[in-house]
2 protein chains.
Amino acid sequence: MNQSETALGQVLTTVDVVVLTLVDGVLSVVLVQRERAPFAGVWALPGGYIHAQEDADAYASAARVLRSKAGIEDAYLEQLATFTGPARDPRGWSVAISYCALIPQQKLPTHRPGLKLVPVTATGQLPFDHAQILQAAVARVRSKSQYSSLPVHFFGESFTLPQLQQVYESILGEPLNKVSFRRKMDELGMLEPVPGEMQAGGAHRPAQLHRVRPEFKQQLALSARGL
Amino acid sequence: MNQSETALGQVLTTVDVVVLTLVDGVLSVVLVQRERAPFAGVWALPGGYIHAQEDADAYASAARVLRSKAGIEDAYLEQLATFTGPARDPRGWSVAISYCALIPQQKLPTHRPGLKLVPVTATGQLPFDHAQILQAAVARVRSKSQYSSLPVHFFGESFTLPQLQQVYESILGEPLNKVSFRRKMDELGMLEPVPGEMQAGGAHRPAQLHRVRPEFKQQLALSARGL
DNA sequence: TTAATAGTGTCTCTCAGACACTATTGG
DNA sequence: CCAATAGTGTCTGAGAGACACTATTAA
């Protein structure tokens with residue numbers, strides 16, 4: 001091993017985060033306005049350099065980027081994929097470790113300048129290869145929604161089963177059978193009713209509030225192939 | 001943007017490849033003996049620095065590492081996950097983009113010094129976080145084998161359905177129903193019979209050889225969540 | 001009482017697995 | 001013919017979806 005050999009491994013190393021949430025049942029992504037070159041002023045996925053001095057790993061980098069560039073705390077975060085090459089960033093050969101974040105809309109900062117929420121199908125042009133990263137994130141969420149309770153992360157502490165079903169239908173883009181849906185959720189065994197109830201709309205029977213069982217809260221992050 | 005900001009993104013950037021194959025029905029991994037520090041002489045996953053000057057992307061880096069460190073060409077390669085942090089490599093904060101390769105045993109170089117094939121359950125101690133990377137690769141192959149034809153990459157050009165079923169059973173660790181298995185393979189529509197046949201064992205009816213339909217050969221790499 | 005949605009019991013149809021049968025080879 | 005494995009037709013039980021019914025609220 002020598003200096004020049006060591007230098008071979010030195011490329012730009014960044015994280016990019018696809019923050020997804022539901023706005024009136026529409027899957028939407030958080031974009032931030034870039035403060036610096038390249039693409040200063042352009043709307044893009046929140047991203048930034050890895051800070052080797054302060055980050056425990058790339059997951060921590062992603063969490064820090066979310067906090068500092070978008071004011072988002074406590075999102076569910078999962079590694080997505082890593083995008084690389086000489087062309088994706090004009091500064092040179094780069095590595096972008098991408099993360100996917102799911103968060104309820106209420107947890108997003110309201111009216112933060114330089115932050116906006118747009119439907120994933122209406123982002124317009126995105127810089128770098130962010131369109132590709134976004135596409136991968138949406139595909140991943142759709143895919144995992146078919147066999148896991150991933151979408152519960154779009155909610156806060158509690159939610160009703162009809163609400164949850166609407167979210168699944170919105171993500172998968174097809175209506176679901178009520179009986180089958182509830183049977184599946186029951187089999188997964190991840191949810192439990194909370195004593196309180198829900199009224200909201202009003203002129204009908206209120207729905208039972210549910211929450212994720214504590215023992216499953218972290219397991220969700222580890223399950224399947226998200227790392 | 002300034003120089004010190006740029007330097008923040010500069011960490012060690014490597015690729016590690018988990019090469020899996022089947023040896024008499026046992027899922028096994030390729031280890032190579034490290035030539036340099038750290039861990040010189042120790043058996044480890046083939047890995048190396050990204051060479052920004054020559055690699056088109058990290059996938060190309062992985063293919064080059066496979067060729068130069070293990071003499072392996074033409075393996076099926078799929079990005080696995082990226083492992084990061086200050087502790088995994090004694091040289092400092094590092095990023096390891098890991099890839100999973102599936103290859104038939106016949107395509108491996110025979111008797112190459114500094115290369116060995118061991119069952120994934122009997123690797124002994126591995127340097128860096130290679131044990132964790134291996135574990136992720138095995139979990140991924142098991143998981144994808146449940147709903148895709150991924151295991152066809154353990155074969156060369158053609159194979160029989162009984163052979164393929166044995167491989168699935170070996171990977172999943174459970175016997176499969178013959179009728180259901182063949183029905184599933186038929187539904188996936190990825191295989192086609194080749195005019196030739198197979199006799200081998202001999203004293204029984206020969207099995208029809210099959211191959212992957214050309215139009216699915218590359219699609220396999222793109223399907224699902226492998227990037 | 002009515003309208004509206006929550007939640008459940010049950011029937012049916014589909015599909016995966018079990019079983020048994022036929023097919024084809026070597027000896 | 002026999003042994004051994006390849007390959008297929010069919011039955012059955014479990015599970016998903018369709019439907020209809022009950023439950024509970026506001027107006």
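Throughout, a chain's letter reflects where its sequence line sits, starting with A, and its residues are numbered from 1. On a predicted model such as this, the values are computed, not experimentally measured, just so you know. Side-chain atoms are counted along with the backbone in the values below, which use heavy atoms only and exclude waters and symmetry mates.
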Exercise answer: donor-acceptor pairs, residues 171-191 of chain A side-chain atoms, under 3.5 Å, sequence neighbours excluded:
residue  : atom : partner  : partner atom : Å
A:Asn177 : OD1  : A:Val179 : N            : 2.9
A:Asn177 : OD1  : A:Ser180 : N            : 2.8
A:Asn177 : OD1  : A:Ser180 : OG           : 3.3

Can you tell me how far [atom2] of [N] sits from [atom1] of [X], to the nearest Å?
{"X": "A:Arg182", "N": "C:dG9", "atom1": "CZ", "atom2": "C1'", "value": "13 Å"}
{"X": "B:Glu187", "N": "C:dT14", "atom1": "CD", "atom2": "P", "value": "14 Å"}
{"X": "B:Phe181", "N": "D:dA6", "atom1": "CZ", "atom2": "P", "value": "12 Å"}
{"X": "A:Leu209", "N": "D:dT25", "atom1": "CG", "atom2": "P", "value": "14 Å"}
{"X": "A:His204", "N": "C:dG7", "atom1": "NE2", "atom2": "C1'", "value": "13 Å"}
{"X": "B:Asp186", "N": "D:dT8", "atom1": "CG", "atom2": "P", "value": "9 Å"}

Given [options], which nucleotide is nearest the side-chain atoms of [X]?
{"X": "B:Ser180", "options": "C:dG17, C:dA6, C:dT25", "value": "C:dG17"}
{"X": "B:Arg205", "options": "C:dA16, C:dA23, C:dA6", "value": "C:dA23"}
{"X": "A:Arg183", "options": "C:dT24, C:dT10, C:dG7", "value": "C:dT10"}
{"X": "B:Gln208", "options": "C:dA6, D:dA4, D:dG7", "value": "D:dG7"}

- Around atom CD of B:Gln135, are there more than 12 heavy atoms of other residues, nucleotides or ligands at under 6.0 Å? no
- Parallel, tilted or perpendicular, as decided by the 30° and 60° cut-offs, for the rings of B:Tyr99 and B:Tyr59: perpendicular
- Message: Quick check on contacts: within residues 157-179 of chain B, what sits under 4.0 Å from DNA chain D by heavy-atom distance?
- Response: B:Pro162, B:Lys178, B:Val179
- Heavy-atom side-chain proximity of B:Pro104 to B:Tyr76 below 4.5 angstrom: no
- Message: Whether the side chain of A:Ser170 engages the backbone of A:Gln166 through a donor-acceptor N/O pair (distance < 3.5 Å, no angle test) should be reported.
- Response: no
Mind listing the side-chain donor-acceptor pairs of residues 108-125 of chain A below 3.5 Å, one per line with the distance, residues two or more places apart or on another chain?
residue  : atom : partner : partner atom : Å
A:Arg112 : NH2  : A:Ser68 : O            : 3.4

